[in-house]
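It should be emphasised that the depicted structure is a prediction, and the values quoted were computed from it without experimental measurement.
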Amino acid sequence: AAWRSWRRSPCRCRWRAETTGTRAAESEPVPVTQRHDLVVVGGGPAGYAAALYGAAAGLDVGLVEEHRIGGTCLHVGCIPAKELLETASVLRTVRGASAFGVGTGDAEPTVDLVVSQQRKQGVIDQLAKGLGSLLSGRNVTVYDGTGRLGVDHTVTVQSRSDGGSTLVQADHVILATGSSPRTIGGFEVDGELVVTSDELLSITEVPGRVAVIGGGAIGCEFASMLSDLGSAVTLLEALPEILVGCDADVAKTVRRSFRKRRIDVHTGVSVSGHEPAAGATTVSYGSEADPAAEQVEVDLVVMAVGRWPRGDSAGLVGTRVVVDDRGFIQVDDRLRTGEPGVYAVGDVISTPQLAHVGFAEGMFAVRDLLGESPAPLDPETVPWCIYSHPEVAFAGMTEEAARAAGHEVVVSSHRFAGNGRAMIVGDTEGLVKVVAEVGPDGRAGRILGVHLVGPWVTEQLGQAYLAVNWEATVDDVAAHIQPHPTLSELFGEAVLSLTGRSLHG
Ligand code: NAD
């Protein structure tokens, strides 16, 4: 699966040796002017988590950021995307209000994306301000510029404002330089006809017709959002199914919902380019044998084909930090690079590219450098949340992966259609699926994976995530009470039925 690609995929690696090139910053020696216990390069979620957590542990921390503290997540990723998805959700709710006897007159609800963008920016600004206060409250020194790691744990920071250099040295360095949107040949990103998430999140008008290329988390969230806002959406995915890595029943549920909302999903297709004309463009797609067999004319192409790690962006000349041929910095399971005392965390290493995984890795690296020997993080059991409509959330193995790994499994699936709260909120599409290992006594034992699709499942994943990562058994979880009426009691119900007895299922 594409988003499980951190698994031991072979790569050819190269050392960041002196021979890899010269850079202006190295040609003029700069005297060391600042010393810290820890310097973090990159101020996104992984980097700022490392800085805040390190400072909370009493370290003197420097944080280098070349753009904006908060990184992709805060400025062009998670926060703005979920904020605009919420606009889509409010619009959907208002459209369905008459079923509750709540009237909007005869008028169809409208959306003003200028207002929506202002609200989005307000949320971002407030979070950015809070983050700045947290960093200054913990006496983290923030360097505004591009950081390049050289020999002896020295980071040269080239200022954005005046181009001047500062040489910062620390006992430990954490690299957290993140990722940037990937593009493919034939689709030059111009910000007008072809955009990535960076540009899409600033639109102030709803495009009429859109082709979304890539049916992963980003592609499905954008397809869902744009469709709710009123665009005619075509989703083109190269693999046989959307949302690769998700449980097959979950992906099918999302696909069925998309179909009902007239999102035109094509899987197993290649895209071969596009032909702009008169403010629109025609995208060609088809099978690998005939990639230009079909055409769709659209007003906007959204590229959602993954993200490039920025392994090369922090210099590394003269160090033993290794960047692989995909651009990831290589680390061991303690997140240590080849250079002693230098760690790498977040999107720039080959673990799931998720902000909360970055937070966890940032904290892990700090604990490791403090000599606390934390237990290594398991990328296979991290929580996943996709904020499309319907939402998707999961942790642990899919049924297919568990069987492929040799587990004898038993599965329980319960649908929101029978859940009281789901009926009350008027959103009954979706299911909860629990995958458990058959124990030595032949009964359902340890919970290996939990997969949810439906209303507010991103907010329901918590207890399922804990069950999987605490290695809880079906009996452990079934002994606990679920509040009623809630959406989350469906998880309890699915687990209860695996004990061999059930209430409503
Ligand atoms: P992705 O790798 O998850 O999905 C990209 C999809 O594009 C894949 O399914 C791939 O098969 C398809 N693809 C690639 N080239 C193609 C082509 N030429 N034609 C058609 N399809 C093609 O990447 P993403 O959705 O762009 O997200 C990037 C990263 O950010 C991922 O790691 C993702 O998990 C993470 N992310 C997560 C969330 C979330 O969990 N809510 C949200 C946003 C981003």
Can you confirm whether R119 is buried at CZ, in the sense that more than 12 heavy atoms of other residues, nucleotides or ligands lie under 6.0 Å from that atom?
no

A side-chain contact here means heavy atoms from C-beta on lying under 4.5 Å apart; do L235 and D264 qualify?
no

Donor-acceptor check, side chain of K120 to backbone of L201, threshold 3.5 angstrom: yes or no?
yes

Among side-chain atoms of S287 and D290, is any donor-acceptor pair under 3.5 angstrom?
no

Any side-chain heavy atom of P340 within less than 4.5 Å of one from R320?
yes

Side chain to side chain contact (heavy atoms under 4.5 Å, CB included) between L369 and I174, intermediate numbers included:
CA-CA 10 Å; L369 68 86; I174 297 179; 4.2 Å; yes

Distance-only polar pair, side chains of R310 and T177, donor-acceptor under 3.5 Å:
no

Does a side chain donor of either D347 or S179 reach within less than 3.5 Å of an acceptor in the other side chain?
yes

Over 12 foreign heavy atoms within 6.0 Å of CD, E192
no

R336 side chain vs V331 backbone, donor-acceptor pair below 3.5 Å
no

Validation row: V271, V283 side chains within 4.5 angstrom (heavy atoms):
yes

May I ask you to check whether over 12 heavy atoms, not counting those of Q295, lie within 6.0 Å of atom CD?
yes

H274 and F187 aromatic ring geometry - parallel, tilted or perpendicular at 30°/60° bounds:
parallel

Looking at every non-hydrogen atom in both residues, tell me the closest pair between Q353 and P309 and how far apart they are.
NE2-N, 4.5 Å

Donor-acceptor contact present, side-chain S136 to main-chain G132, <3.5 Å
yes

For Y285 and H266, take the angle between the two ring planes, folded into 0 to 90°, and tell me which bin it lands in: parallel under 30, tilted 30 to 60, perpendicular over 60.
tilted

Which residue pairs pass the ring pair (Phe, Tyr, Trp, His ring centres under 6.0 Å) test with at least one member in residues 188-214, sequence neighbours excluded?
none

Can a side-chain donor-acceptor contact be found between T196 and E199 if the only test is distance below 3.5 angstrom?
yes

Any donor-acceptor N or O pair under 3.5 Å, side chains T166, T33:
no

Between CD1 on residue I447 and CG on residue L466, distance to nearest 0.5 Å
11.0 Å

Approximate separation, where rounding is to 0.5 Å, of L84 CG and E221 CD
11.0 Å

Answer yes or no: is there a side-chain heavy-atom contact under 4.5 Å between V173 and L38?
no

Quiz question: by atom type and distance under 3.5 Å, do the side chains of R35 and Q169 form a donor-acceptor pair?
yes

Under a 3.5 Å distance rule, please check whether S231 uses its side chain to pair with a backbone N or O of V233 as donor and acceptor.
no

Flag side-chain contact, heavy atom, 4.5 Å: Y53 against F359
no

Taking E237 for the side chain and V265 for the main chain, is one N or O donor matched with an acceptor at less than 3.5 Å?
no

Could you tell me whether the side chain of R160 reaches within less than 4.5 Å of the side chain of H67, counting heavy atoms only?
yes

Evaluate whether atom CD of Q126 has more than 12 neighbouring non-hydrogen atoms of other residues, nucleotides or ligands under 6.0 angstrom away.
no

Run the salt-bridge test on R334 and D332 with the 4.0 Å N-O cut-off and return the result as yes or no.
no

List the atom of T281, the atom of P276, and the distance in Å for their closest heavy-atom pair.
OG1-N, 3.2 Å

Are V41 and L149 close enough, and set up right, to give a side chain to side chain contact (heavy atoms under 4.5 Å, CB included), and what steps lead you there?
CA-CA 9 Å; V41 182; L149 177 67; 5.7 Å; no

What verdict does the side chain to side chain contact (heavy atoms under 4.5 Å, CB included) test give for T351 and L377, after you've listed the backbone C-alpha separation in whole Å, the side-chain angles of each residue and the deciding distance to 0.1 Å?
CA-CA 10 Å; T351 53; L377 301 165; over 6 Å; no

So, the side chain of D368 versus the backbone of F364: is there a donor-acceptor pair under 3.5 Å, distance only?
no

Is there a donor-acceptor pair closer than 3.5 Å between any side-chain N or O of H36 and the backbone N or O of T141?
no

Nearest heavy-atom approach of V323 to G311 is CG2-O, 3.6 Å

Looking at OG of S284 and CD of E275, how far apart are the two atoms once the value is rounded to the nearest 0.5 Å?
7.5 Å

Interatomic spacing from CG in D228 to NE2 in H389 - rounded to 0.5 Å:
6.5 Å

Less than 4.5 Å apart, any side-chain heavy atom of T267 and any of P240?
no

V453 versus P390, closest heavy-atom pair with distance
CG2-CG, 3.8 Å

Quick one: does R138's side chain have a donor or acceptor within less than 3.5 Å of a partner on A55's backbone?
no

Short side-chain to backbone donor-acceptor contact, E391 and V457, under 3.5 Å:
yes

Please check: side-chain N/O of H153 versus main-chain N/O of A170, any donor-acceptor pairing under 3.5 Å?
yes

Should V468 and L448 count as side-chain neighbours, where that means a heavy-atom distance under 4.5 Å?
no

Looking at OG of S388 and CZ of F222, how far apart are the two atoms once the value is rounded to the nearest 0.5 Å?
12.0 Å

As a quick check of understanding, evaluate salt bridge (Lys or Arg N to Asp or Glu O under 4.0 Å) for K82 and E86, giving each step before the final call.
CA-CA 6 Å; K82 280 37 157 183; E86 199 54 35; over 6 Å; no

For a side chain to side chain contact (heavy atoms under 4.5 Å, CB included) check, start with the C-alpha distance between S197 and R307, then their side-chain angles and the critical distance, and finish with the verdict.
CA-CA 10 Å; S197 50; R307 296 184 62 87; 4.0 Å; yes

What pair of heavy atoms forms the shortest contact from A223 to I263, and how long is it?
O-CD1, 3.7 Å

Quick one: CD on E361 to CG on L354, what's the gap to the nearest 0.5 Å?
9.5 Å

